[in-house]
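These notes concern the structure reproduced below.
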Amino acid sequence: MRDYDFTSIEAKWQKRWRDTGLFKVDVKDPRNKYYCLMMFPYPSAALHVGHGRNYIIGDVVARYKKMKGLNVLTPMGFDAFGLPAENAAIKNGIHPRTSTLNNIATMKEQLKAWGVEYDWDRQVTSCLPDYYKWTQWIFLKLYEKGLAYKKKAFVNWCPSCNTVLANEQVVSGACERCDTAVEQKELEQWFFKITDHAQRLLDDIEKLDEWPEKVKTMQKNWIGSSEGVNIDFPVVDSDIILTCFTTRVDTIFGCTYMVLAAEHPRVEDLVAGSPDRDRIMAFVSQVRRGSRIERASTESEKKGIFTGRYVINRMNGRKIPLWIADYVLMEYGTGAVMAVPAHDQRDFLFAGKYGLPIEVVIDDPKEPLTPGNMTEACEADGVLVNSGPFSGLPNREAMEKIADHMERENIGRRAVHFKLRDWLISRQRYWGAPIPMVYCDKCGMLPVPEKDLPVLLPENVEFRPTGESPLKFAEDFVRTKCPKCSGPARREFDTMDTFVDSSWYFLRFISPGLTDRPFDKTDVDNWLPVDQYIGGVEHAILHLLYSRFITKVLCDMGFVSFDEPFKRLFTQGMIVKDGAKMSKSKGNVVSPDGLIADYGADTVRLYTLFIGPPEKDAEWSDKGVDGAFRFIKRLWNLNELIENAPEKGSDAKSSEDLTRKMHQTVKKVTEDIDGEFHFNTAISAAMELVNLVYSGISEKGRGCFGKDLLKTVARNTVLLVAPFVPHIAEEMWEMMNEKESIFKASWPAYDKDMLLADTVEIPVQFNGKLRGKIEVKRGTDDDGVKAAVMSDPQISVHLSGKPVRKWIILKDRLVNIVV
RNA sequence: GCGGAUGUGGCGGAACUGGCAGACGCGCUGGACUUAGGAUCCAGUGGGUUAAACCAUGUGGGUUCGACUCCCACCAUCCGCACCA
């Protein structure tokens with residue numbers, strides 16, 4: 001028997017899969033459709049084994065579903081716009097397009113070497129005009145619906161990346177990419193009105209019953225809805241009415257002052273003419289300049305300034321001072337807060353610092369509070385006091401009554417506020433899809449007509465480390481004609497956030513070649529939602545939320561008929577090395593190239609899957625790869641084993657055991673894949689089966705198995721491991737005289753009646769402690785079991801002299817004797 | 001601070017609805033075959049003991065005939081959010 005020459009065997013099958021189009025589908029025939037999708041990657045230099053996990057998992061699922069008879073669509077593409085390529089261009093002068101396309105070529109080779117198979121005819125590359133034309137089209141559709149708008153706002157600015165960032169891209173006040181502290185800058189920017197869909201994005205999470213709870217919770221928290229009341233406070237000696245949002249309207253009678261955010265639009269009007277105006281505005285601009293990190297820090301002491309103004313609390317007619325403070329955020333609620341120091345910790349600290357009054361309005365009748373003795377705010381429930389007609393009510397009940405009263409008297413209105421902000425999509429960078437808008441001196445701002453798409457990115461631009469987008473200086477690009485009056489006009493030179501590109505790519509895979517539409521509605525409706533989406537949990541909020549939003553918009557506009565894009569989501573864990581995420585800078589990257597050369601792709605795949613449950617992080621061990629390689633060799637040598645096997649087995653019982661184990665293994669592997677993708681235990685089950693086959697070969701122990709039985713077992717084993725180790729499986733399948741690919745064969749079935757043996761070994765416990773085992777016929781009744789225990793000398797010694805209090809007998813499973 | 005997850009041998013990890021803790025693999029120990037092995041095969045491998053007893057699933061309690069699994073309290077680590085009114 002020849003050695004297992006993985007290099008040539010793997011090359012042979014990879015070529016054959018490509019030549020025969022293993023995963024080619026006809027989208028016009030959606031019967032038994034199964035859309036299996038892995039998140040498409042950003043084309044960075046080279047993949048490491050950590051990346052591989054994602055693609056290998058997806059490949060296993062695709063191959064398994066194919067063997068289950070489904071019509072599997074599994075495409076791949078590249079999220080090819082983005083900052084790194086542009087930054088590299090500034091450094092080394094290579095055009096982002098060139099480096100990106102090179103990286104894509106390298107990655108495709110790596111994926112193929114792993115034996116990860118896709119329908120490459122459907123490849124989408126988001127940086128190419130045939131794709132971004134339709135990204136721009138989506139922008140126009142949102143603009144048409146009033147869901148894309150431009151406004152001047154304080155935005156997150158990363159001084160290192162020289163661009164704005166979406167809220168979702170700011171992590172603890174720093175840029176998610178480079179960790180630089182994010183600044184606030186007032187700029188005119190393009191937004192998508194995702195907040196219009198906040199409630200729906202939140203409510204529909206309930207529909208996603210095949211998504212991980214963790215991801216759903218993260219999205220819920222990010223959208224962050226809270227219910228409360230918007231209350232109007234008229235400013236004394238002014239026409240201005242300030243509205244504040246509160247979730248604790250029950251504490252309204254304890255409101256002793258009001259606070260505005262420094263960014264509040266009425267600040268300037270309110271302090272105009274005040275003798276302290278300059279001092280106040282100096283404070284305001286100081287707060288506005290502060291970085292988000294400093295401002296968000298809970299540790300830092302709250303700072304504020306009195307405006308000299310007062311507002312009226314219309315519930316009791318009281319005049320209360322109006323302050324400006326750094327702890328109030330413009331981006332949440334209304335940017336104005338009613339302060340109740342007795343019942344809100346932040347207000348309590350602020351009041352203490354600036355000597356503002358504290359008034360208790362919710363009390364525990366058993367332990368009344370005295371404002372002077374309080375060391376912290378009391379945020380607990382209780383009964384209202386000092387609250388006019390509402391005194392004496394439990395506070396939860398009072399909330400409703402007061403809200404009703406306010407709505408009747410037009411003092412306030414019930415309201416829901418979200419943490420979710422509109423999605424800031426403009427980027428001051430070159431390597432992205434240009435925003436298809438034109439500014440004409442005469443006609444104003446206009447969208448580029450659909451027929452003029454794509455707005456092409458100019459190729460000949462200079463990449464200079466000036467911190468400004470090269471597009472801005474590309475005269476030929478910026479200068480254009482007004483689509484309405486044909487007069488001189490200039491183009492928008494900001495590009496779109498790359499998350500816009502990736503928020504619809506799963507639709508394009510269905511109709512990758514269409515030139516007159518982004519996708520075909522019928523086909524997309526037939527194939528979507530994606531049956532299985534696989535990717536990293538780092539996209540729990542960004543990409544997965546944006547994609548849900550865009551899908552809902554397209555659904556509302558009638559372009560698609562479904563409003564959630566991903567039916568089932570699987571988020572795999574990271575592979576770490578030496579306790580840290582693999583990264584070039586840490587120097588702990590494990591490249592698949594050398595491993596595949598030394599052991600073959602099947603071994604690398606097998607180890608990657610065997611390392612642990614795929615949803616959890618796992619530590620990579622080069623040694624572990626040896627174990628996988630050993631299994632591959634043992635699997636291969638089954639060929640030789642069969643050749644040398646006798647025609648007839650020599651021990652009927654061993655043969656029965658092996659047959660039973662085979663059926664059990666089919667059941668186990670099938671259930672592990674169908675369930676939570678527990679490939680690690682599926683593989684260990686296959687190993688156990690192979691181990692049992694080998695145990696029949698050794699001189700001692702069991703007798704030898706007959707040729708026919710071994711053939712049956714080997715055949716099933718090869719089928720079971722085919723999704724994990726496809727190359728060796730194909731080769732062995734072919735050696736079994738099969739003409740078609742193993743992935744066209746059906747997944748093996750097991751026989752329920754073959755799973756259980758006639759006799760069972762039952763553990764015998766005394767007071768819950770294991771003392772021995774008995775072997776009885778399956779189904780033996782309690783008396784029979786008792787008799788077996790009594791007659792076993794090893795076990796019955798434990799009975800001597802002790803009265804038995806109770807027998808606990810679980811049929812075929814366990815005996816416990818209480819003495 | 002809030003929310004979520006996870007704690008099992010030297011290591012990665014198994015364990016059904018509460019029922020033989022440590023499957024499978026790595027590593028390690030001994031042996032066989034070898035000129036040689038980082039190849040292959042065989043045996044062993046949680047601690048403890050000549051052998052038992054006994055001790056072991058983060059810690060401390062509880063429920064139960066019986067707890068990795070259920071309940072209560074705590075500790076540690078990781079992740080997400082974080083002045084959200």
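A, B, ... follow the sequence lines: proteins, then strands. Residue 1 opens every chain. Only a predicted model underlies this, so the values are computations on that prediction, with no experimental measurement involved.
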*What interatomic distance, in whole Å, is found between P of B/C16 and the corresponding atom of B/A85?*
41 Å
*Please report, rounded to the nearest Å, how far the C1' atom of B/G38 is from the CG atom of A/D598.*
13 Å
*Rounded distance in Å between the P positions of B/C41 and B/A51*: 30 Å
*asked:* With hydrogens left out and only the distance checked, is there a donor-acceptor pair under 3.5 Å joining A/Q765's side chain and the base of B/G19?
replied: yes
*Which nucleotide, B/C41, B/C83, B/A85, lies nearest any side-chain atom of A/V337?*
B/A85
*Would you say the side-chain atoms of A/N588 pair up with the backbone N or O of A/K577, donor to acceptor, closer than 3.5 Å?*
yes
*Between A/T217 and A/A628, which is nearer to the 5' end of RNA chain B once each is assigned its nearest nucleotide?*
A/T217
*Is there a donor and acceptor pair, one atom on the side chain of A/K806 and one on the base of B/C65, closer than 3.5 Å?*
no
*Atom-to-atom span, OH of A/Y694 to P of B/G25 - whole angstrom*: 13 Å
_Using atom C1' in both nucleotides, what's the gap between B/G46 and B/C20 to the nearest angstrom?_
16 Å
*Pull up the glycosidic torsion of B/G9 and say syn or anti, syn being anything within 90° of 0.*
syn
*Test salt bridge (charged side-chain N to carboxylate O under 4.0 Å, His left out) on A/D232 and A/R314 and set out the steps.*
CA-CA 8 Å; A/D232 297 332; A/R314 289 169 64 203; 5.1 Å; no
*Examine B/C83: is either OP1 or OP2 under 4.0 Å from a nitrogen or oxygen in the side chain of A/K302? Give yes or no.*
no
*asked:* Is the phosphate of B/C55 approached by A/K769 (side-chain N or O, under 4.0 Å from OP1 or OP2)?
replied: yes
*Can you check the A/F629 CZ to B/G38 P distance for me, whole Å?*
17 Å
*Say whether, by atom type as modelled, one donor and one acceptor occur between the side chain of A/R605 and the main chain of A/P723 under 3.5 angstrom.*
yes
_P-based separation of B/U69 from B/C83 [nearest Å]_ = 38 Å
*Could you tell me whether the side chain of A/N221 and the main chain of A/M218 form a donor-acceptor pair under 3.5 Å?*
no
_Proximal nucleotide (of B/G80, B/C79, B/G66) relative to the A/M218 side chain_ = B/G80
_Can you see if the side chain of A/R771 gets near the phosphate of B/C54 - specifically, an N or O under 4.0 Å from OP1 or OP2?_
yes
*Separation of atom CG in A/L544 from atom P in B/G80, rounded to whole Å*: 15 Å
_For A/A415, is there any backbone N or O sitting under 3.5 Å from a side-chain donor or acceptor partner on A/N230?_
no
*B/C81 C1' sits how many Å from A/L329 CG, rounded?*
14 Å
*asked:* As a test of reading the structure: which of B/G13, B/A85, B/G66 is closest to the side chain of A/P613, going by heavy atoms?
replied: B/G13
*Report yes if at least one side-chain N or O of A/K616 is closer than 4.0 Å to OP1 or OP2 of B/U6; otherwise report no.*
no
_Side chain of A/L810 (C-beta onward), nearest among B/C83, B/C81, B/G19_ = B/G19
*With RNA chain B as reference, determine whether A/E761 or A/R248 sits nearer its 5' end, using the nearest nucleotide of each.*
A/E761
*Looking at B/U6, B/C79, B/C20, which one has an atom nearest to any side-chain atom of A/K214?*
B/C79
*Whole angstrom is fine here: how far is it from CG in A/L770 over to C1' in B/A56?*
15 Å
*B/G25 OP1/OP2 closer than 4.0 Å to side-chain N/O of A/N691*: yes
*asked:* Under 4.0 Å, heavy atoms only, any strand: does A/N680 hit a base, just the sugar-phosphate, or nothing?
replied: sugar-phosphate
*Going from NZ on A/K616 to CE on A/M574, what distance comes out if it is rounded to the nearest 0.5 angstrom?*
14.5 Å
*Give one of base, sugar-phosphate or nothing for A/G224, where a contact means two heavy atoms less than 4.0 Å apart.*
nothing
*OP1 or OP2 of B/C84 sitting under 4.0 Å from any side-chain N/O of A/R421?*
no
*asked:* Of the options B/A23, B/G12, B/A85, whose atoms approach the side-chain atoms of A/E688 most closely?
replied: B/A23
_Less than 4.0 angstrom between a side-chain N/O of A/S684 and OP1 or OP2 of B/G13, yes or no?_
no
*Which nucleotide in the list B/A85, B/C65, B/G19 gets nearest to the side chain of A/V328?*
B/A85
*Could you tell me the separation between the CG atom of A/L641 and the P atom of B/U40, rounded to a whole number of Å?*
16 Å
*For A/K773, answer base if it contacts any base atom (sugar-phosphate contacts may also be present), sugar-phosphate if it contacts only those atoms, and nothing otherwise; contact means non-hydrogen atoms under 4.0 Å.*
base
*asked:* Nearest whole Å is fine: how far is B/G19 P from A/N767 CG?
replied: 19 Å
*Counting N and O atoms only, with roles assigned by atom type, does the side chain of A/E227 sit under 3.5 Å from a partner on the main chain of A/V416, one being a donor and the other an acceptor?*
no
*Where the side chain of A/Y332 is defined as all heavy atoms beyond and including C-beta, which of B/C41, B/C84, B/A14 is the nearest nucleotide?*
B/C84
*Base, sugar-phosphate, or nothing for A/K623, non-hydrogen atoms under 4.0 angstrom?*
sugar-phosphate
*Tell me which nucleotide among B/G13, B/C24, B/G19 gets nearest to the side chain of A/M687.*
B/C24
_Taking every non-hydrogen atom, the tightest pair across A/L606 and A/A628_ = CD2-O, 3.7 Å
*Can you figure out which of B/C24, B/G19, B/U6 approaches the side chain of A/L814 most closely?*
B/G19
